[in-house]
Amino acid sequence: MRVATGLSVLVLGAGGIGHAVVSNLEGGIGRVDPFKDMKNRPQSGHGTNLLLVGTDGRDTITKEEKRKYKLGGAPCHCTDTIMLVHLSADKQRASVVSLPRDSYAEIPPHTDRTTGEKHSSHPVKLNAAYAEGGPTLTVRTVEHMTGVKIDHYLEVDFTSFMKTVDAVGGVQICTARPMKDSYTGLDLPAGTHRLDGGQALQYVRSRHVDVASDLGRMQRQQKFMAALIKQATGNGVLLNPVKFQQVSASVLGSVRADEGFGTEEMLALGKAMKDFSPASSEFTSVPVGNPSFPVKGIGSTVQWDEAKSKKLFQALREDRPLAPVKPKPAAGAPKPPAATLVEVAPEEIRVQVYNGTPKEGLGKDVDAALRATGFETTNTPLNGELRNLERTLVTYDPRWDRSAKSLATALPGSELKAVKGQGAVMEVTAGSDFTKVRPVRAETKQSGQFGTVTGDEAVCP
């Protein structure tokens, strides 16, 4: 989950930064050899593949920070989060694929890095590969599972994550509902927030804020990475060599990378990515077949959907985008208004519209406006029993209260009324106060066969 730091290293290595500046920074990066003695590796595809891992290292965190952000306890010396990042051959796109840390994996034969004991291939949770064999075994396991050849390796810990966020001035996060996790201390009301390093660490670590647990946490981590890219590319860091050096020097001391990722690679990659933006990134997670696959001696693991995951990694090898291609806006077309974040996507909400006024055609106008915003209307508006309604009314079954709140957000000034037994269809009775439908969208709008969200869709509107 701290791999946002790793991606920021790539983003921050932008054009306009002198060779001497980057050369001075390279000395601060810790080096590892994750490809040592590796054989029978997958064939190289098109583009560049980086394995970004976040460990739970906390050796340099102060006692006050541990107390404030609930970072106590002994580290497991394993990978808390693993992400596979594919940079397209033309350097115009970054595809980020989250690999659940509890994924069912069969690690190759190896020698335990702590005990020296030789192990045959055996099943584990994916994050345990690092504990048994460090970066090398982690890379070998991921390559075996995905068929994707890893070109570079980047590793960060708690400290480097917090330093990165603080160095770029904090990161803005939006949430449509309150988020609270007693395990991490996260406590965010609904709305827009600028998180510092410690708060950001709470946000990306929390897994007890909804029923999605670790899978929901991965979506928040992806959303955070998109926001970090937006912050890093939009505040002048990339165009100011002095600021770039200050930011990078403050974070690279806690980053570890393979020897092959040096000055020349940073400069070449940075120059190619100088126009990078949130819209240039896309995020998804490995398709899951069984989120609670029991394994004797290991416990509950996450089993991938074999067919869908093969298609996903084939797309990476072939350098194809994971998100559907968006049509380009017509030249001179006005920018659409920013959408308000809601908890339930309008596409998931069924609506029957009624006209509660004598005004001819009002029901049709409201139905069309809701449909244009994404709501699943019946497309058959009716006349309501009330014909002199002043305030637009939204009636709903209490079982679908979250959907009702999302619908009411799209209808400014409307009144909510619970009706037991109404069912899943929301009812909107348009009043004389109706003026427009406000654009709304869910926090993460996944699309395409791989459930992908692009960076510009993940950041705050």
Side-chain angles (χ1 to χ4, degrees), residues 1-13 29-35 47-57 78-88 91 93-101 103 105 126-127 129-130 134-143 145-146 148-165 168 171 200-201 204-205 214 217-229 232 248 251-252 254-261 265-266 269-270 273 276 278 280-286 312-313 316 322 455 458:
M1 57 193 165
R2 270 81 58 202
V3 296
T5 303
L7 189 58
S8 73
V9 172
L10 304 180
V11 175
L12 292 174
I29 303 177
R31 294 297 179 182
V32 295
D33 185 7
F35 309 117
T48 303
N49 300 308
L50 302 101
L51 188 64
L52 304 184
V53 304
T55 69
D56 65 343
C78 54
T79 47
D80 217 17
T81 291
I82 304 173
M83 288 184 180
L84 182 58
V85 177
H86 173 80
L87 299 173
S88 61
K91 302 298 187 294
R93 183 184 69 257
S95 303
V96 182
V97 181
S98 295
L99 310 181
R101 66 177 188 173
S103 295
L126 179 56
N127 68 336
Y130 188 93
T136 301
L137 187 58
T138 300
V139 170
R140 289 179 63 195
T141 304
V142 170
E143 287 192 344
M145 297 174 72
T146 65
V148 175
K149 185 177 182 181
I150 305 301
D151 300 301
H152 293 295
Y153 174 90
L154 289 172
E155 177 186 310
V156 297
D157 60 12
F158 285 165
T159 300
S160 53
F161 178 87
M162 292 195 292
K163 283 184 176 180
T164 299
V165 176
V168 300
V171 172
L201 187 58
V204 298
R205 290 183 64 223
D214 208 41
R217 184 180 68 163
M218 287 193 304
Q219 290 185 344
R220 287 188 291 277
Q221 292 163 3
Q222 295 168 358
K223 181 179 177 180
F224 181 86
M225 287 183 69
L228 180 60
I229 292 172
S248 300
V251 301
L252 291 182
S254 302
V255 173
R256 300 207 302 168
D258 64 279
E259 292 285 352
F261 191 62
E265 289 75 19
M266 288 186 194
L269 187 58
M273 296 175 66
F276 211 75
S280 308
S281 58
E282 54 183 11
F283 301 87
T284 191
S285 303
V286 174
L312 171 65
F313 296 122
L316 290 186
L322 305 180

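- Residues Gln221 and Val204 share a closest heavy-atom pair of NE2-O, 3.1 Å.
- Residue Phe35 holds its CZ atom at 8.5 Å from OG1 of Thr136, rounded to the nearest 0.5 Å.
- At distances below 3.5 Å, not a single donor-acceptor pair connects side-chain atoms of Glu259 with backbone N or O atoms of Asp33.
- At least one side-chain heavy atom of Leu316 sits less than 4.5 Å from a side-chain heavy atom of Ser95.
- Shown here for Met145 and Ser103, the closest heavy-atom pair between the two residues is CE-CB, 4.4 Å.
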Inset, instruction - Output, in order, the C-alpha distance, side-chain angles, deciding distance and verdict of side-chain contact (heavy atoms from CB on, under 4.5 Å) for Met83 and Ser98. - result: CA-CA 5 Å; Met83 288 184 180; Ser98 295; 3.6 Å; yes

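- Contact check for Thr48 versus Lys91: side-chain heavy atoms found under the 4.5 Å cut-off.
- Between Asp151 and Asp258, every side-chain heavy-atom pair lies at or beyond the 4.5 Å cut-off.
- Heavy-atom minimum distance, Val148 versus Glu143: O-CG, 3.3 Å.
- Residues Pro34 and Pro135 share a closest heavy-atom pair of CB-CB, 3.9 Å.
- Side-chain atoms of Gln222 come within 3.5 Å of backbone atoms of Thr284 as a donor-acceptor pair (strictly under, hydrogens ignored).
- A heavy-atom distance below 4.5 Å is not found between the side chains of Ser281 and Met225.
- Among Val97, Leu126, Leu52, the one residue that satisfies the side chain to side chain contact (heavy atoms under 4.5 Å, CB included) test with Ile82 is Leu126.
- Here the closest non-hydrogen pair linking Ala94 and Leu87 is CB-CD2, 3.6 Å.
- Annotation for Thr141 and Ala129: closest pair OG1-CB, 3.8 Å, computed over non-hydrogen atoms.
- When side chains are defined from C-beta on, Val53 counts as touching Leu51, because their heavy atoms get closer than 4.5 Å.
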